[in-house]
Protein chains: 2
Amino acid sequence: MPRERGADPPKRITSHDVAARAGVSQSTVSLVLSGSPRARIADATRTRVIEAARDLGYRPNLLARGLVQRRSFALGIVVSDLDNPFFTEVVSGAERVAADAGYGVLLGDAREIPAGEHVQRLRERQVDGVILAGVALDALPPDALAGANVVVVDEPSDTHPGVASDAFGAGRLAARHLLELGHRRLAFIGPASESHTFRMRERGFVAELREAGVALPSARLRRARPSVAGGERAMRALLREDEGTTAVFCANDLTALGALKAGAAAGMTVPGGLSVVGCDDIEMARYVTPELTTVRVPARGLGARAARLLLLALDGRDTGALTRKPLEVQLVLRGTTAPPLAESCP
Amino acid sequence: MPRERGADPPKRITSHDVAARAGVSQSTVSLVLSGSPRARIADATRTRVIEAARDLGYRPNLLARGLVQRRSFALGIVVSDLDNPFFTEVVSGAERVAADAGYGVLLGDAREIPAGEHVQRLRERQVDGVILAGVALDALPPDALAGANVVVVDEPSDTHPGVASDAFGAGRLAARHLLELGHRRLAFIGPASESHTFRMRERGFVAELREAGVALPSARLRRARPSVAGGERAMRALLREDEGTTAVFCANDLTALGALKAGAAAGMTVPGGLSVVGCDDIEMARYVTPELTTVRVPARGLGARAARLLLLALDGRDTGALTRKPLEVQLVLRGTTAPPLAESCP
DNA sequence: TTGTAAGCGTTATCAG
DNA sequence: CTGATAACGCTTACAA
């Protein structure tokens with residue numbers, strides 16, 4: 001039952017109330033309740049205060065605390081798409097370490113409201129730091145991040161620390177796997193530019209092919225939004241315009257799932273007639289049939305690490321160790337890849 | 001590059017600074033910047049202030065504002081499991097309407113830290129209201145919610161407004177569909193008690209069966225955590241202990257996905273040998289093969305509605321209209337259900 | 001050991 | 001129309 005507007009102003013209990021009940025001054029209350037664990041306070045007073053607080057059900061007002069300490073003990077995280085399981089994993093990883101450290105987590109989804117706007121708002125709310133995931137830095141207003149503590153996930157930046165996965169390596173891994181299976185007519189499906197990570201996955205893939213002397217004709221390089229629908233559409237187009245493709249690497253799992261769907265709809269058998277490799281290893285990858293071969297990117301690890309990094313930075317600690325090298329990715333062999341059919345070989 | 005600890009205290013720009021630059025008093029700045037749209041302010045001063053603010057890049061401190069207004073313009077949302085796509089959809093729906101209304105969204109995942117603790121913290125942060133999803137109210141400390149603006153998703157409460165889906169109806173729908181296909185040996189997989197919604201789904205299912213004179217022997221009522229792993233395990237057990245089952249209804253899609261996996265692993269063909277119905281219609285449901293027949297529950301609609309409801313309540317507006325009837329659920333026919341094989345019929 | 005007092009950055013109430 | 005001035009609830013020197 002919602003409180004009536006202005007009906008019963010349910011008196012907030014403040015440290016003054018506690019002070020009154022305990023018969024001490026307000027600052028003493030503050031001292032024992034939040035001050036250094038062993039502030040010089042007589043045991044008698046201390047317990048009196050604590051009891052009074054308990055009796056009254058006192059809860060400190062963190063806004064007030066934040067105001068004076070100039071620190072909110074909250075951090076913001078803005079992601080490009082909350083419906084992408086990869087990002088929810090990042091969020092969930094970050095939320096966990098933040099909450100464990102007593103930090104609040106403010107969430108922003110950049111689909112409706114642009115990332116820059118979210119960052120702006122978060123800063124007005126005085127978050128101590130911001131994690132950006134799936135957000136291209138150069139898409140933000142010039143100094144949206146000026147003077148802010150920011151950690152970027154999977155984006156390069158020479159102004160902010162970041163955590164990243166080895167996207168280039170992911171592409172290489174996928175290519176190598178497919179090459180080793182004997183595929184020579186490979187395709188790639190991925191977004192046009194979007195984020196750095198996607199670009200690097202593509203480059204890694206292409207680089208590995210080139211080194212193996214295998215070409216990637218433009219007809220087999222399909223652009224698509226990194227979603228299931230995007231992958232589906234791109235795959236349909238690929239099947240329509242190109243006959244010989246025996247294997248395709250998708251920029252992320254969602255895309256791969258779409259490709260799988262389109263492939264099935266077109267009567268392709270996977271992996272018999274077509275091999276598919278995804279990237280991310282979202283949970284879903286294991287639930288499709290056949291299970292998706294993919295390159296595992298530790299999403300929740302990225303989120304957790306980003307949060308840890310941010311917390312360290314907030315404490316003025318050295319962030320070097322965490323920011324160094326990209327998190328390793330790993331090929332996960334499952335059911336959507338196999339050698340090409342004999343007749344498909346060049 | 002993280003700011004050095006205490007190195008350059010990047011002076012926060014306050015309304016005082018703006019006042020100084022505009023040559024007016026601080027309160028005037030506040031007046032023009034946040035006061036009622038057409039506060040009685042000379043146009044000259046107004047523009048002077050606005051320019052000064054722009055030049056300085058002034059951003060109001062929402063903590064300070066919240067402190068004096070006793071309102072933070074933020075709301076909290078705590079969910080039982082951030083990795084369950086159903087809840088991330090709820091969150092995403094709520095985030096969207098909250099953000100559109102200028103509210104901040106604080107997130108809490110109850111897997112690591114209990115929901116009650118999250119609520120506590122959110123209240124200390126002075127959130128104006130809290131949305132609870134997947135959280136059983138009676139699992140919370142007695143007066144964790146006392147005097148708070150709370151909206152519960154898919155849980156009954158006579159003390160707080162809530163939004164709910166027609167869980168009982170969902171169970172009925174699933175049962176009716178299966179019965180109409182000709183199934184008579186039905187099973188149910190779901191959690192022991194967990195949340196009210198799960199209980200109602202089960203009851204609706206059972207009620208419909210009973211009305212049709214079909215029994216649900218205890219061997220076909222399997223308990224499982226509402227996750228893929230849970231469903232998998234339960235399905236394995238079911239297949240081991242019971243031969244005749246021709247169709248199973250799972251308390252949620254995750255469970256159904258697990259059941260599908262276990263079924264496939266055991267060599268069952270779906271829907272030929274076994275029909276499976278899920279509940280929720282998470283995105284994933286369309287990406288498995290065959291696609292999962294399920295009962296669609298409008299998760300993001302629930303989240304959005306919960307947020308709207310909360311915002312209304314915060315404005316002291318009537319919440320009756322929104323809180324009335326449960327959101328409708330809908331059977332989504334896809335590929336995991338079919339008539340039982342002839343030999344399977346009793 | 002504990003109380004007094006000065007803010008933190010806003011909004012809000014009044015005078016002028 | 002605009003400027004003092006008093007909160008908001010808390011932390012933190014500095015006194016006592």
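A, B, ... follow the sequence lines: proteins, then strands. Residue 1 opens every chain.
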Heavy atoms from C-beta onward define the side chain here; which of C:dG9, D:dC10, D:dG3 lies closest to that of B:Arg12?
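So the side chain of B:Arg12 is nearest to C:dG9.
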From the options D:dC10, C:dT10, C:dG3, select the nucleotide whose nearest atom is closest to the side chain of B:Pro60.
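Shortest atom-to-atom distance from the side chain points to C:dT10.
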Is any NZ, NE, NH1 or NH2 atom of the basic residue among B:Asp315 and B:Arg71 found under 4.0 Å from an Asp or Glu carboxylate oxygen of the other?
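A salt bridge links B:Asp315 with B:Arg71.
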How many Å lie between [atom1] on [X] and [atom2] on [N], as a whole number?
X: B:Leu33; N: D:dT2; atom1: CG; atom2: C1'; result: 15 Å
X: B:Gln126; N: D:dG9; atom1: CD; atom2: C1'; result: 9 Å
X: A:Leu62; N: D:dC10; atom1: CG; atom2: C1'; result: 10 Å
X: B:Leu63; N: D:dT11; atom1: CG; atom2: P; result: 13 Å
X: B:Gln26; N: D:dA6; atom1: CD; atom2: C1'; result: 12 Å
X: A:His16; N: D:dT11; atom1: NE2; atom2: C1'; result: 12 Å
X: B:Arg48; N: D:dC1; atom1: CZ; atom2: P; result: 15 Å
X: A:Asn61; N: D:dA7; atom1: CG; atom2: C1'; result: 14 Å

When you compare the side chains of A:Ser165 and A:Asp154, does any donor N or O come within less than 3.5 Å of an acceptor on the partner?
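Their side chains do contain a donor-acceptor pair, which is all the 3.5 Å distance test asks for.
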No-hydrogen, no-angle side-chain donor-acceptor test under 3.5 Å, A:Ser25 and A:Thr28
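On atom types as modelled, these side chains qualify, holding a pair under 3.5 Å.
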Would you indicate whether B:Arg96, at its atom CZ, is surrounded by more than 12 heavy atoms from other residues, nucleotides or ligands within a distance under 6.0 Å?
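Atom CZ in B:Arg96 is not packed in, count stays at 12 or less.
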For B:Gln69 and for B:Gly23, locate the closest nucleotide of DNA chain D by heavy-atom distance; then report the residue assigned to the nucleotide nearer the 5' terminus.
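By nearest-heavy-atom nucleotide position, the 5'-most residue is B:Gly23.
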In terms of the nearest nucleotide of DNA chain D, which residue is placed more toward the 5' end: A:Val29 or B:Leu67?
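The residue closer to the strand's 5' end, by nearest nucleotide, is B:Leu67.
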Heavy-atom check, side chain of A:Val78 versus side chain of A:Asp109, under 4.5 Å:
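Contact flag for A:Val78/A:Asp109 side chains = no.
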What does [X] touch in the nucleic acid at a heavy-atom separation under 4.0 angstrom: a base, only the sugar-phosphate, or nothing?
X: A:Leu31; answer: base
X: A:Thr14; answer: sugar-phosphate
X: B:Ser27; answer: base

[N], OP1 or OP2 - any side-chain N/O from [X] closer than 4.0 Å?
X: B:Arg70; N: D:dG9; value: yes
X: A:Ser30; N: D:dT11; value: yes
X: B:Ser34; N: C:dT11; value: yes
X: B:Thr28; N: D:dG3; value: yes

